[in-house]
Structures are given as C-alpha cells and as structure tokens.
Number of protein chains: 4
Amino acid sequence: MAASDRREHLLAAAREVFAERGYFGASVADIVARADVARGTFYNHFEGKREVFAAVLGVLMTNVLSAVAPIDVNADIAPQVRANLHGITRVLAEAGEAVRILFTDAGSVDAEGEAALAAFYAHALSRVEVALATGQTMGVVRVGETRQTARCLLGCLREPVMQARLAREPLDAAALADAIFDLLRCGVLTGEAGAASVPGAALPR
Amino acid sequence: MAASDRREHLLAAAREVFAERGYFGASVADIVARADVARGTFYNHFEGKREVFAAVLGVLMTNVLSAVAPIDVNADIAPQVRANLHGITRVLAEAGEAVRILFTDAGSVDAEGEAALAAFYAHALSRVEVALATGQTMGVVRVGETRQTARCLLGCLREPVMQARLAREPLDAAALADAIFDLLRCGVLTGEAGAASVPGAALPR
Amino acid sequence: MAASDRREHLLAAAREVFAERGYFGASVADIVARADVARGTFYNHFEGKREVFAAVLGVLMTNVLSAVAPIDVNADIAPQVRANLHGITRVLAEAGEAVRILFTDAGSVDAEGEAALAAFYAHALSRVEVALATGQTMGVVRVGETRQTARCLLGCLREPVMQARLAREPLDAAALADAIFDLLRCGVLTGEAGAASVPGAALPR
Amino acid sequence: MAASDRREHLLAAAREVFAERGYFGASVADIVARADVARGTFYNHFEGKREVFAAVLGVLMTNVLSAVAPIDVNADIAPQVRANLHGITRVLAEAGEAVRILFTDAGSVDAEGEAALAAFYAHALSRVEVALATGQTMGVVRVGETRQTARCLLGCLREPVMQARLAREPLDAAALADAIFDLLRCGVLTGEAGAASVPGAALPR
DNA sequence: CATGAATGAGCTTTCATTCAT
DNA sequence: TATGAATGAAAGCTCATTCAT
C-alpha cells in the first residue's frame, strides 16, 4: 500500500476511534486494531497519538470552513446566508459521530490543543463578526453588539448538533439550517421581515 | 474536621483542579495535594475520581437549574425571560473556569457521563420547549418548530461563555444576557417587538 | 517498611542488576523483580531508571573518594601514599562486580552522564595533580609533566580492576596496591629509591 | 557500487555513528541515514547492528595491535619500547572519537561482547607480560610481579586517551607516549636508568 | 477516620529486523 | 541487489485504587 494511502487509512481509523471513545478513551492500540496494522506502522506515519488527533481535527476544521462560501454583496444576502447555513449543517451531519472530536474533545486534550481550538474559533468568529458589521453598514443587519451575537450564532450551530448526538437521534441538517435561518431572519436581519424597533430600547429594564 | 466539612473541602479542591486541568488532566494526587489531605482520606469520602467528578458536576448543574425561575403566565413574559437569562449568565460567570467542567469535560469522561449529561440537557431543554410551546399558545412566541430552537437557545448560552473562556477574557454576564435577549426578542418573541410575518414563508427557498 | 529503608533496598537491587547487566541491559522490570516490589513502588522512590542509576553511581563515587586520606606533609610521604592505594583498591574490591557501573557504564549512558563522569574525574585528577606538584616542590616527586602522569596513575587503578573482572578472577586488592606502589616508588618518587637521572634526558630520542 | 565498497561505506558510517552516540545510542536508522542507503541494504551486508559493531571493533583492534612491532632482543630495548608507545598512541589519536568504541562501548554491549573484549585484552596483555618476563631474564626489566604491572601499563595507555576525550581536549600522542615512557624507564626498566633497589623491599609494611 | 506506601494494569513509544517489490 | 513500509516484542512510565497502620 502506498504511503499516503496508508496514512489516509490510519487517519480514517483514528477518526472512527476518536469519535467513538474520545481522545483519552482511545488508545493507539484501538486505532491500529481498527486499521488492522501493527503498532509500529502507526508510528511510521504519525509522530504519535497527539499528532494523529491533530491531523483528524485539521481535516474536520478544513471541511467546516470550506463549507462556507463568501458572501457576494451585490446579490441578495439572505439566500446566501441560508445556503451557507445549509452547507455547514450538511458537513456536520456528514461528519456524524466525528463532530464530537471537533466540538467536545478538541478543547480538552491539553493547553496546546486549547490554543489551537481558540485560534480556529477566533478565525471563524471574526469572519462572522465582519459579516455582521458589513451587514450593518449595508442595512441588512440590525445595529447592535456583534461579538456576543457572533458567538451566539456559533452556538446555534454547535449546540443542536451536539444535542442530536447526545440524544442519539439523526441530525436533520436541513431542518436545523432552517431553524437557525429563521432565528437569524427575524432576529438579525432587518427590512420587511425584521424588527421595527431598535433592540434593547423597547423594553424597560 | 467534621466529615461533611471534609467532604466539602475535598469537593472544592476537586472543583478547582478539574477546572484548571480538566478531568483527564487532573489526578487524584493533584486533588489531595490541593486539599492538603492524604490520599486515603480522599477515598474515605468519595468512591473515586469518577464519583468526585460527578459530585462536582452535580453542584454545577444544580446551580444552573436553580438560577431559572418559573414563568408567571399572568405577568409580562418578556421581563421574566430577561431576568432568567441574567440569572443563568450570572451563575455561569460566577463559576469562572469551572464552566469547563460542565460544558467541556462532562461530555468526554465516559459513556455513563455522557448519559448523565444527556439527561441533564434533556431536562433543561424540555423546560425550554415547554416554555416555547406555552408561549406559542399565549401568542408571545412566534409559531414554528421548537426543538431545534430550544437547542439553539441553549447554544446561545453555552457558546459565548466557552468562547470567553477560550479567549481568556472575563465574561460580562449582563452584556451576554442582553445580547441573547435581543436575539430572542427580535427573533422568537412576536408582538410589537417581533417579526410581522411568519418565518420561513417570506423568502423563496 | 520505612521509606528510606525501601529506597536503600531498591538501591541495592538496582546496583546488583546494573552490575550484572549494565545500564542498557538492565530494565526497571529486572530491578523491581530483584527487589521483589511492584513496578509502581520503584517510581515512588526514584524518578526513573536514569535517576536510580545516578544514585547508585553517586554512592560508588563517594565510596572511592572517601577512601583517600589527605597527605600529611610533615610525616613520611611514601607510607601515606601506599595506605591510600590500599584503601582505594580495597574499596574497589569490595564493590565487586559493581565497579563496572563506575568504570564502564557511567560513561556510556548519555551526554549528561558523560559530563557527570568528566566532573568526577576532573575532581579526582586535580587532587592527584596537586599532590604531584606539591611532591615536586618537596623534592619527593621527580620533576616533569603532571597531567598525563596523573591520568596514567588513574589508569593504573582502573585498568587492573576492570581486567580482573573481565578475566573473572578475584581482585587481590593488596597485591594491586603494592604493584602500583612499586611503579610509583621507582617511577615518580625520587630519593634513594627513585631514579638518579632526569627522565627523558638520558636516552637519545 | 561494488559490494565490498558498499560494505566499507557502511562500516565507515557505522564507525562514525557509534563514535558519536555509543552502541546503544546509535540506531540502525542513524547508520543508514549517515551512509545514505536504505535500511534493507544494511541487512544485505551485515547480519545486524550487533555484527556491524563487531566489525567496526575488529578494525580498531587490528589497528591497535598492528601498531606494535616485535622487540628485537639483539638491539637496544628502550628505543624500541619507546617507538611502540609512540605507534600506539598515534593510532589511538588517529582514531579520534572512535576510541570510545574500543574503550567504552565494547565492554557494555552484552556478555558475548565482553568475552570478545576479554579475549582481545588477554592477547594484548599476554604479549606485554611475555615482554616483561623476557626483559627480566635479560636484566632490562626489574624483577617482580608482571601481571598487575602489565595491566597497569595498559591502563597508562587507555586512561589518558579516554580522559582527553572526556575533557574534550585534543590528544597529544607524542607527549603521552613520552610520559608513559618516563614512567616505564624510571619504574620498570632496571639498569642505569632504573631503580637501584628491589621494589617492595625498601619500605616497612 | 486519617495516613501514605504499595500495587499493577495499562499506556505510549522505540527500533532491530523482515520481506515483497 | 536496493528499497523502505511493515512488523511486534519490549521498554519506561503513570496513576487510580487499596489497605495495614
């Protein structure tokens, strides 16, 4: 078997095992048993358990990020946002159990892993924040704070996915995307479908 | 020292250590060192590492749940929702680093821990769903799917809290609660502050 | 068993195993089997294989150095030198097989070990060199180069000891000490028992 | 490349690697990397790591032994001894770092290696002992014990060489040979340059 | 109850060697 | 003969847990 094929084979096995047992619950022995290779073979292709986890994680991160298309500001915004939401939820649904690697384990491996995850989220969130700010300038996003809102939107993606996994129910990517879109449309998009008043000012506190 | 004090003392030490290092990064040695007691003493009060973690987690879950007051349907709904949001975010902010125990580690310990977490979330989410359904009946919540929406709302709480932790920035509980409330008000609450049209029907799909 | 007794017990076992198999041939499993304790017990008392080796080596170095008494320059020099030679060879003979730890393994463990050994020898050799220089001033040591000579004297101790071990013959400490002393007396000590002429000048080169 | 050239090439690479890292610190991977050949090629030319080490060691042993010329009993003894000393130290100086292979690693590989080394030394030492005994018969060597003395002489060669390496200073072969020769001349050679009295009898014990 | 030394299963990793190409 | 991916035995080490004091 060619070296890169073997590496992919091991990567797939590792992904399965990490998805099933988590980073700490998975042993290199589990991975090589799943891949049906000898222990040493694993170490011919990866530096160790830590590195293969990073590689698996990297694939997941790339998949997610590549599911988001840039917004064309000259076209209708809402359909593009909706398409992106569908794209991401579809990727997450395709990842199946492996989403736990990205959403649960990545943050609990070690300090370095936490830093890598922080960098990933910082990147993703800044894209969302920029999009929100741009939308505000264009008048398609209601004015207001963007940082917490961006994080909330991320949570709207992450949480339903993880909850579906916890509840052992299949993830309906389309339904989730629509639910989030509805939240967005009636919540952050202005215009005929949006809110008439400035949020945070209408109610006495 | 009385037995129950000793237990509380160990529990506090365990909470600190788990918050700093995570479940797998924390050792019983760390906990007893933090509590300044002998190893054996630990096992006089807890069955083991697994159980003390469950106890720490239980306290956190109870704190969060107890921060939510029942909605009085005869009074204004919105201010009550807002108060509850402020209550939860305040509790989470007070938990500080320990939120990682609830939001990150709890789901990666083992299958049993995952089941416990699933039960906790099932409980919490069902309360939100019931509230949403009640609100729909009362006409204060827009009609539509409730399950994914409830999960999204949970994500709106969890994610900003965890992102603040990852970014090593202090959590501004009030600002977060307001941001979520704005999302709610313009997104899921109907009436004068909400959207005029039925979500999901306005845009061609 | 008291902690320090256990440590001594393990140290003795380690010394035996290292003496028999050498640093790399010895495994921690061998040591704990010899000491008849569990693996973990070993790690309660030593940081690891490397450290227990250093501890064993430290004992040997201390034993050797403490076998050498300072020379009293107001008394006869020769008998004191002779007594020191007997002291060292006796210590080395008592060490038995363990001399290989000091004379063979210490230098091949790693760079750090080599540095430690270099420091030990630098210390020991500088004492010999100072003694030679002092002797030259007093007129009891023939004039000439001291550094290589000091190293030769060290070799006169080390080599016969190691050769006896290699030949699997018991080390006759007294006979060795006398042989070295004879070499010294007729070679480096001047006076009636020494050489009459200046070395290196008598023969054409 | 011809088979024997390939073998020499690997042998040279192995010698360098063993000299730098020692037997246990060196891996076959290091050797083939140094020789810039594939792993399998190594095993086409040598049975394994153990054998290539033996081959490297054999070259070193041969070099050292061949540096010693037989003594012509009809000519002056002293200059011949002196020439041999210079020959050996020159060979050792030329070996550079590789002397550690002969002087340090050879004895710590395994029981078989120790036996090989014992045989080498037994051979070398018996030549020295025979020379000493012959010298005694001829009256050019002082009477007395020869075995320990022969070992001491070996130590006078080995130790300064190793100490120079440990101290990371270049080996001055000529100076060392002279120092040893001075020791010999005033210590073991009788006659005009030697000691007047019988060693071991002059001092009260 | 408090203590802390002892336990040992289980982990990650290394590396000399093999063998199909 | 050259190659280099695959092999797997064996190593050092960790740490949750036990139990005699």
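Proximity of C:Glu114 to D:Arg165: side-chain heavy atoms (C-beta onward) are separated by under 4.5 Å at one or more points. Side chains of A:Phe120 and A:Leu57 form no contact here, defined as non-hydrogen atoms less than 4.5 Å apart. Counting only heavy atoms from C-beta outward, the side chains of C:Leu60 and C:Ile101 approach each other to under 4.5 Å. Using a 4.5 Å cut-off on side-chain heavy atoms (C-beta onward), D:Val64 and D:Leu102 make contact. Residues A:Val52 and A:His45 fail the side-chain proximity criterion, which asks for heavy atoms closer than 4.5 Å.
When the side-chain nitrogen and oxygen atoms of C:Arg6 are compared with OP1 and OP2 of E:dA5, none of them lie within a distance under 4.0 Å. Note on B:His45: every side-chain N or O is 4.0 Å or more away from OP1 and OP2 of E:dC1.
Across the protein-nucleic acid pair, D:Phe46 atom CZ and F:dA2 atom P stand 12 Å apart, rounded to whole Å. With rounding to whole Å, A:His9 atom NE2 is found 16 Å from F:dA5 atom P. Distance A:Asp36 CG to F:dA5 P: 19 Å, rounded to the nearest Å. When rounded to the nearest whole Å, the span between CZ of D:Arg7 and C1' of F:dA2 equals 17 Å. Rounding to whole angstrom units, CD of residue A:Glu51 and P of E:dT12 are separated by 15 Å.
D:Arg158 contributes a side-chain N or O that, together with a main-chain N or O of D:Phe103, makes up a donor-acceptor pair within less than 3.5 Å.
With F:dT3, F:dA2, F:dT7 as the choices, the nucleotide that has an atom nearest any side-chain atom of A:Ala38 turns out to be F:dT7.
The aromatic rings of D:Tyr23 and D:Phe53 sit perpendicular to each other, their planes meeting at more than 60°, with 30° as the lower class boundary.
Of the inter-residue distances, the one linking A:Glu47 atom CD with A:Arg50 atom CZ reads 11.0 Å to the nearest 0.5 angstrom.
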Solution key, residues 13-21 of chain D side-chain donor-acceptor pairs under 3.5 Å, sequence neighbours excluded:
unit_1	atom_1	unit_2	atom_2	d
D:Glu16	OE1	D:Arg34	NH1	2.8
D:Glu20	OE1	D:Arg34	NH2	2.9
D:Glu20	OE2	D:Arg34	NH1	3.2
D:Glu20	OE2	D:Arg34	NH2	3.4
D:Arg21	NE	D:Asp30	OD2	3.1

Going 5' to 3' along nucleotides 13-21 of chain F, which nucleotides have protein heavy atoms under 4.0 Å from the base (write B), which only from the sugar-phosphate (write S), and which from neither (write -)?
BBBBBBB--

Tell me, what's DNA chain F's dot-bracket, Watson-Crick or G-U with both distances under 3.5 Å, | for other-strand, [ ] crossing?
.||||||||||||||||||||

